[in-house]
Trainee: 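The structure follows.
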Amino acid sequence: MGYKVAVVGATGNVGREMLEILAERAFPADEVVALASRRSMGVELSWGDKTLKVKALETFDFSDVDICLMSAGSAVSKEWSPKIAAKGAVVIDNSSCWRLDPDVPLIVPEVNADAVAGFRRKGIIANPNCSTAQLVVALKPLHDRAKIKRVVVATYQSVSGAGHEAMDELFAQTRAVYVTDPVESKKFPKRIAFNVIPHIDEFMEDGFTKEEWKMVAETKKILDPKIKLVATCVRVPVFIGHSEAVNIEFEEPLSADEAREILRDAPGCLVVDKREPGGYVTPHEAAGEDATYISRIREDPTVDSGLVMWVVSDNLRKGAALNAVQIAEALINRKLIQAKRKAA
Ligand SMILES: NC(=O)c1ccc[n+]([C@@H]2O[C@H](COP(=O)([O-])OP(=O)(O)OC[C@H]3O[C@@H](n4cnc5c(N)ncnc54)[C@H](OP(=O)(O)O)[C@@H]3O)[C@@H](O)[C@H]2O)c1
């Protein structure tokens with residue numbers, strides 16, 4: 001018998017992608033339950049060739065669930081993850097609620113899969129922020145070779161990172177511009193259609209946004225607390241796929257050619273780096289794909305040992321749903337969990 005998997009937030013951007021990825025990867029589940037708020041009860045979703053009717057989280061009994069993939073925001077996770085874990089299910093959470101809790105592993109399987117074993121302390125494992133996930137996949141192999149001292153990153157983040165209502169807002173605003181209707185902003189603080197917004201999540205006292213701070217704190221927890229990082233996070237009018245311009249300073253020399261070779265062999269990375277028009281990856285091509293694409297690798301002439309590169313990935317997949325499913329696979333491959341119904 002396989003595992004029983006609950007997907008909380010199944011009607012959302014990340015939840016729908018989770019159902020698709022579970023089917024695509026033939027995840028060893030013999031039952032998948034789709035959960036969301038009461039508003040969505042009865043909504044039909046697909047898991048492979050099966051149709052699932054959405055159930056309400058608040059009345060669902062988790063007693064025989066093995067794995068709960070959670071993507072319903074921080075407030076829901078704060079209330080529900082401990083209750084679900086207390087029923088014996090491992091919670092793999094996509095919100096920012098538990099990421100920096102010392103008793104909760106924060107995992108990107110290509111980088112620190114072995115740390116999953118720490119899930120026993122609270123029964124919860126955290127997924128990083130979408131921008132951090134793709135960044136550390138690209139940084140890890142270079143850090144192993146030449147020790148990263150400092151990273152400067154500017155992000156170009158798609159609207160799907162802010163949920164399905166944000167995607168609807170970009171669509172509605174774009175249409176409104178074309179038909180000269182008034183442009184309304186609800187999810188974003190300024191118009192996003194035909195614009196860019198240098199502000200994601202709330203402002204902090206030091207002038208950075210929380211999104212920028214998350215990239216710093218999460219990179220340190222996942223990869224190395226010694227790495228210094230500074231970020232500018234920007235929302236762009238792209239539906240799916242986050243891009244990052246990344247400037248890295250190393251302790252040891254590392255040429256662009258060597259970095260390209262290292263990244264070609266690195267798990268989760270795909271190098272597309274031809275120095276010609278179109279010889280790089282854009283979010284449009286990365287959408288729907290699993291890889292973290294690395295392009296435009298070049299040496300930084302302003303420091304002793306530095307590289308500049310362009311990193312793109314599907315934020316709903318590697319940045320959230322795929323990473324969560326990979327974490328569940330890491331638990332299973334390491335024999336850290338057993339299906340309850342098999343054990344009984
Ligand atoms: N989008 C990304 O790139 C990304 C990346 C990493 C992490 N995350 C995180 O993943 C989470 C979900 O993001 P998303 O983009 O999928 O958001 P979304 O499209 O807005 O979907 C939110 C989901 O949460 C459910 N939900 C809301 N309140 C609930 C409640 N009280 N009880 C049960 N379910 C509830 C919604 O159900 P209803 O349809 O019933 O309202 C919906 O299924 C967030 O924490 C986000 O920060 C997102």
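Each ligand, and each atom within it, is numbered from 1 in the order the structure gives.
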Trainee: Just checking, is any N or O donor in the side chain of N247 or D300 under 3.5 Å from an acceptor N or O on the other one?
Mentor: yes
Trainee: Could an N or O of ligand 1 be found under 3.5 Å from any N or O of S74, whether backbone or side chain?
Mentor: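 No: no nitrogen or oxygen of S74 is under 3.5 Å from one in ligand 1.
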Trainee: What I want to check is whether the side chains of S63 and D61 have a donor and an acceptor closer together than 3.5 Å.
Mentor: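 Checked: S63/D61 side chains pair up, N/O donor to acceptor below 3.5 Å.
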Trainee: What protein heavy atom sits nearest atom 13 (O) of ligand 1, and how far away is it?
Mentor: V14 CG2, 3.9 Å
Trainee: Could you pull out, from L57, V43, I240, the option with a heavy atom nearest to atom 32 (N) of ligand 1?
Mentor: L57
Trainee: Identify the protein heavy atom lying closest to atom 24 (O) of ligand 1, giving its residue, its atom name and the separation to 0.1 Å.
Mentor: A72 CA, 3.3 Å
Trainee: Taking distance alone, with N or O pairs closer than 3.5 Å, would you say G12 contacts ligand 1?
Mentor: yes
Trainee: Would you mind listing which atoms of ligand 1 come within a distance below 4.0 Å of any non-hydrogen atom of G161?
Mentor: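 What qualifies from ligand 1 is 1 (N), 2 (C), 3 (O).
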Trainee: Report yes if G73 has an N/O atom closer than 3.5 Å to an N/O atom of ligand 1; otherwise report no.
Mentor: yes
Trainee: Examine V271 and M309 and state if one hydrophobic cluster contains both, with Ile, Leu, Val, Met, Phe, Trp and Tyr joined whenever side-chain heavy atoms are less than 4.5 Å apart.
Mentor: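 In one cluster: yes.
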Trainee: Go through the side-chain N and O atoms of T209 and E202 and say whether any donor and acceptor fall under 3.5 Å apart.
Mentor: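 Judged by distance alone, the side chains do not pair up.
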Trainee: Looking only at distances, can you tell me whether any N or O atom of G9, backbone or side chain, sits closer than 3.5 Å to an N or O atom of ligand 1?
Mentor: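 Yes: some nitrogen or oxygen of G9 is under 3.5 Å from one in ligand 1.
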Trainee: Output yes when D314 and K318 qualify as a salt bridge under the 4.0 Å nitrogen-oxygen rule, no when they do not.
Mentor: no
Trainee: Looking only at heavy atoms, is any part of R39 under 4.0 Å from ligand 1, and if so is it the side chain, the backbone, or both, or is it neither?
Mentor: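 The answer is the side chain.
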Trainee: Considering the heavy atoms of G163, write down every atom of ligand 1 situated less than 4.0 Å from one of them.
Mentor: 15 (O), 17 (O), 18 (P), 19 (O), 20 (O)
Trainee: Give the atoms of ligand 1, by number and element, whose distance to some non-hydrogen atom of A320 is under 4.0 Å.
Mentor: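 Going through ligand 1 atom by atom, the ones under 4.0 Å from A320 are 5 (C), 6 (C).
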Trainee: Mind checking whether H164 has an N or O less than 3.5 Å away from an N or O of ligand 1?
Mentor: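 So ligand 1 has an N or O lying under 3.5 Å from an N or O of H164.
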Trainee: Could you tell me whether V76 approaches ligand 1 through its side chain, its backbone, both or neither, with non-hydrogen atoms closer than 4.0 Å?
Mentor: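 Within the 4.0 Å criterion, V76 contacts ligand 1 through side-chain atoms alone.
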Trainee: Closer than 4.0 Å to some heavy atom of L316 - which atoms of ligand 1 meet that?
Mentor: 1 (N), 2 (C), 3 (O)
Trainee: Salt-bridge test for R317 and E17: reply yes if a basic N is under 4.0 Å from a carboxylate O, no otherwise.
Mentor: yes
Trainee: Whether the T282 and E285 side chains hold a donor-acceptor pair (N or O, under 3.5 Å, no angle test) is what I'd like checked.
Mentor: yes
Trainee: When the aromatic ring centroids of W310 and Y156 are compared, is their separation below 6.0 Å?
Mentor: yes
Trainee: Can you label the angle between the F27 ring and the Y3 ring as parallel, tilted or perpendicular, going by 30° and 60°?
Mentor: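 Geometry flag for Y3 against F27: tilted rings.
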Trainee: For atom 23 (C) of ligand 1, tell me which residue out of A34, S71, A36 has the closest non-hydrogen atom.
Mentor: S71
Trainee: Between K83 and E79, does at least one N-O distance fall below 4.0 Å, as a salt bridge requires?
Mentor: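 A salt bridge links K83 with E79.
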Trainee: Which residue owns the protein heavy atom closest to atom 34 (N) of ligand 1, what's the atom, and how far is it?
Mentor: S37 N, 3.2 Å
Trainee: Examine S160 against ligand 1 and note whether any of their N/O atoms are separated by less than 3.5 Å.
Mentor: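 Yes; at least one N/O pair falls below 3.5 Å.
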Trainee: Can you name the atoms of ligand 1, numbered from 1 with element, that are less than 4.0 Å from a heavy atom of G319?
Mentor: 5 (C), 6 (C)
Trainee: Is the shortest distance from a Lys or Arg side-chain nitrogen in K214 or D201 to a carboxylate oxygen in the other one below 4.0 Å?
Mentor: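 Judged by the 4.0 Å cut-off on N to carboxylate O distance, K214 and D201 do form a salt bridge.
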Trainee: Counting heavy atoms only, which of N94, N13, V8 is nearest atom 10 (O) of ligand 1?
Mentor: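 Among N94, N13, V8, the closest heavy atom to atom 10 (O) of ligand 1 belongs to N94.
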Trainee: Between R38 and E58, does at least one N-O distance fall below 4.0 Å, as a salt bridge requires?
Mentor: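 Salt bridge present between R38 and E58.
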Trainee: Of E211, E218, Q134, which meets side-chain hydrogen bond (donor to acceptor under 3.5 Å, both in side chains) against N129?
Mentor: E211
Trainee: Which of the numbered atoms in ligand 1 are below 4.0 angstrom from a heavy atom of T11?
Mentor: 36 (C), 37 (O), 38 (P), 39 (O), 40 (O), 42 (C), 43 (O)
Trainee: Distance under 4.0 Å to a non-hydrogen atom of N315: what atoms of ligand 1 satisfy this?
Mentor: 3 (O)
Trainee: Can you list the atoms of ligand 1 that are under 4.0 Å from a heavy atom of S40?
Mentor: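 Atoms satisfying the 4.0 Å criterion: 38 (P), 39 (O), 40 (O).
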